[in-house]
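Since we're looking at a predicted model, the values are computed, not measured. Heavy-atom basis, side chains included; hydrogens, waters and symmetry copies ignored.
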Amino acid sequence: MADQAKLSALRQKYSGAKGSEVFDPAFRAIAQAQFPDSNRRTQPYAGVPTFLGLPYIPNAIDVDDIGGLDVAVVGVPMDLGVTNRSGTRFGPRAVRAIERIGPYDHVLKRLPADLCKAADIGDIPFRSRYSLDQSHQDIQAFFGRIVTAGVIPLAVGGDHSISYSILKAVGAKRPVGMVHLDAHCDTGGDYEGAKFHHGGPFRHAVLDGVLDPERCVQIGIRGASEYLWEFSTDSGMTVIHGEDVAKLGTAAIIAKARQVVGDGPVYVTFDVDCLDPAFAPGTGTPEIGGLSSREALEILRGLDGLDIVGGDVVEVAPQYDSTTNTAHVAAQMLFEIFCLIAGTVAAKR
């Protein structure tokens, strides 16, 4: 360094400083949360994994107020509704094992765990690993208790059929809007005698009156199943195809999404197959030509300030995810939705 006076000042300030010593006031609060014991951080590879290292409160569902939480993270390890490759029942475990996320969002400038009382309350205790119908009864009942207690649910699946029964709980008192990132519209009808499958949750949610289609935007849609999704446009949903994402740009997509959902309550659902398989190969129905992880991050962060009343990340199948990239990107997207929800909680106080 040519400026010796500046070098001397830097040496005086930083030479004896520990890694936990941060001088910027805004960053100091974050550092103090990460270094509770002087210069020691919690080992990210030790202990029982929970999402973002949040407290684990498995019995919270048994308490009327769900432990006084603002946000409850719930694993939904169920994949009986898939049409192609199974394995997303292992998704919640894979996502929880990712530690290279958070705790601070440098774009939103937010430490979400400090803005709300949140905990990982474990997985839904399904009565049967074989019955798809019973599983959806269990999902609706479990999330119904969470919503009735005034707690915002944040789910990790599991296949995308789980969103239907979550929406049945979230939209029980009034229909909600939705921002839906996916390769598929998931508005198909019943197949082979099955109502509950991951290709049709949002048709049923609309028909049940818990989802307002005119306040729904579906982003990243593509692939060979276009002919199955006429319900989306017929009901008034806004569909943005995958090939149009680059043409429109994320700023225009964010503006459109905010226009569509408006000021009312919004559910955010993120299927990892909205991403190109280059970014997320570990999923059951991959589709070439998807979003990049950067585009998805920009879109989610652009939703900040909306009234987010719940969300989920689904369709992580770790056995097809040899690098853990899919689990990693899913955990990051779950963290982004958590940041949005924390902003909603803070704004309502």
Side-chain angles (χ1 to χ4, degrees), residues 76 81 88 153-168 170-171 175-188 197-208 210-223 225-226 228-245 248 250 253-262 264-275 280 283-285 287 290-291 295-303 306-316 329-330 333-334 336-337 340-341:
V76 191
T88 60
L154 180 58
V156 54
D159 72 56
H160 216 162
S161 72
I162 72 170
S163 297
Y164 167 57
S165 292
I166 297 173
L167 283 167
K168 288 275 285 184
V170 173
V176 299
M178 182 176 70
V179 177
H180 173 203
L181 286 91
D182 203 324
H184 315 98
C185 287
D186 294 348
T187 50
H197 58 81
H198 70 173
F202 305 119
R203 176 190 293 209
H204 291 299
V206 169
L207 295 178
D208 285 353
V210 296
L211 182 64
D212 181 353
E214 295 183 354
R215 294 186 54 241
C216 291
V217 57
Q218 302 183 300
I219 303 167
I221 308 304
R222 61 194 188 279
S225 299
E226 177 76 15
L228 298 174
W229 312 137
E230 64 182 2
F231 182 88
S232 289
T233 52
D234 203 23
S235 65
M237 294 182 180
T238 297
V239 178
I240 299 175
H241 288 89
E243 61 269 22
D244 293 327
V245 171
L248 294 170
T250 54
I253 291 171
I254 290 165
K256 185 63 176 179
R258 297 183 72 95
Q259 175 192 347
V260 169
V261 301
V266 180
Y267 189 83
V268 178
T269 182
F270 189 98
D271 186 328
V272 292
D273 69 28
C274 78
L275 301 171
T283 191
T285 50
E287 301 282 2
L291 280 67
E295 288 170 330
L297 284 173
E298 289 176 358
I299 291 169
L300 285 179
R301 288 166 176 163
L303 305 178
L306 298 179
D307 184 12
I308 311 295
V309 294
D312 63 51
V313 173
V314 297
E315 298 287 354
V316 176
V329 75
M333 300 306 166
L334 196 66
E336 299 300 331
I337 299 173
L340 299 178
I341 292 173

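- Ala155 approaches Leu334 most closely through the heavy-atom pair O-CD1, 3.6 Å.
- A search for side chain to side chain contact (heavy atoms under 4.5 Å, CB included) contacts involving Glu295 returns Val245, Thr250, Leu291, Ser292, not counting sequence neighbours.
- Listed here is the closest heavy atom pair of Val272 and Val313: CG1-CG1, 4.2 Å.
- Under the side-chain hydrogen bond (donor to acceptor under 3.5 Å, both in side chains) criterion, Ser161 pairs with His136, Asp159, sequence neighbours left out.
- Side-chain contact, Asp273 with Thr285: a donor N or O sits under 3.5 Å from an acceptor N or O.
- Using a 4.5 Å heavy-atom threshold, the side chains of Asp244 and Ile253 count as separate.
- Asp307 is linked by a salt bridge (charged side-chain N to carboxylate O under 4.0 Å, His left out) to Lys348, counting only residues two or more places apart in sequence or in another chain.
- The two atoms that bring Val314 and Gly158 nearest to each other are CB-O, 3.5 Å, heavy atoms only.
- To the nearest 0.5 Å, atom CG of residue Asp186 and atom CG of residue Asp271 are 6.5 Å apart.
- Contact annotation: the side chain of Val176 never approaches that of Val210 to less than 4.5 Å [non-hydrogen atoms, C-beta and beyond].
- Here Ser225 pairs with nothing under the side-chain hydrogen bond (donor to acceptor under 3.5 Å, both in side chains) rule; sequence neighbours left out.
- With sequence neighbours left out, Tyr164 forms a side-chain hydrogen bond (donor to acceptor under 3.5 Å, both in side chains) with Lys195, Asp208.
- The minimum heavy-atom distance between Ser232 and Val239, with the atom names listed, is CB-CG2, 3.9 Å.
- Listed by chain and residue number, Ile254, Leu306 satisfy the side chain to side chain contact (heavy atoms under 4.5 Å, CB included) test with Arg258 (two or more places apart in sequence, or in another chain).
- A 6.0 Å sphere centred on CD of Glu230 holds no more than 12 heavy atoms belonging to other residues, nucleotides or ligands.
- By the 4.5 Å heavy-atom criterion applied to side chains, Tyr267 and Ile166 are counted as neighbours.
- Arg203 contributes a side-chain N or O that, together with a main-chain N or O of Gly188, makes up a donor-acceptor pair within less than 3.5 Å.
- Of the possible donor and acceptor atoms, none in the side chain of Thr283 sits under 3.5 Å from a partner among the backbone N and O of Val316.
- Among residues two or more places apart in sequence or in another chain, the ring-ring contact (aromatic ring centres under 6.0 Å, His included) test is passed with Phe270 by none.
- Listed by chain and residue number, Pro213, Phe231, Met237 satisfy the side chain to side chain contact (heavy atoms under 4.5 Å, CB included) test with Ser235 (two or more places apart in sequence, or in another chain).
- Between Pro153 and Ile341, the shortest heavy-atom contact is O-CD1, 4.3 Å.
- Side-chain contact, His180 with Gln218: a donor N or O sits under 3.5 Å from an acceptor N or O.
- The minimum heavy-atom distance between Ile337 and Gly311, with the atom names listed, is CG2-CA, 4.3 Å.
- Judged purely by atom type and a 3.5 angstrom limit, Arg222 uses its side chain to pair as donor or acceptor with the backbone of Cys274.
- Residues passing the ring-ring contact (aromatic ring centres under 6.0 Å, His included) test with His197 are Tyr191, sequence neighbours excluded.
- Checked against the 6.0 Å centroid criterion, the rings of His160 and Phe202 qualify as a close aromatic pair.
- For the pair Glu315/His198, a side-chain contact is recorded, criterion being any heavy-atom separation below 4.5 Å from C-beta on.
- The shortest side-chain heavy-atom distance between Val156 and Asp312 does not fall under the 4.5 Å cut-off.
- The structure places CG of Asp234 at 10.0 Å from OG1 of Thr187, a figure rounded to the nearest 0.5 Å.
- Rounded to the nearest 0.5 Å, atoms CG (Leu167) and OG1 (Thr269) are 7.5 Å apart.
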Just do the side-chain contact (heavy atoms from CB on, under 4.5 Å) check on Leu303 and Val179 with the steps written out, would you? CA-CA 9 Å; Leu303 305 178; Val179 177; 3.9 Å; yes
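- For Arg301, the salt bridge (charged side-chain N to carboxylate O under 4.0 Å, His left out) criterion is met by Asp105, Glu336, not counting sequence neighbours.
- In terms of the side-chain hydrogen bond (donor to acceptor under 3.5 Å, both in side chains) criterion, Thr238 has no residue partners (sequence neighbours excluded).
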Walk me through whether Glu214 and Val260 qualify under side-chain contact (heavy atoms from CB on, under 4.5 Å). CA-CA 7 Å; Glu214 295 183 354; Val260 169; over 6 Å; no
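- Residues that satisfy the side chain to side chain contact (heavy atoms under 4.5 Å, CB included) test with Glu226, not counting sequence neighbours, are Ile221, Trp229, His241.
- Two residues are said to be in side-chain contact when any heavy atoms from C-beta on lie closer than 4.5 Å; Leu211 and Cys216 meet this criterion.
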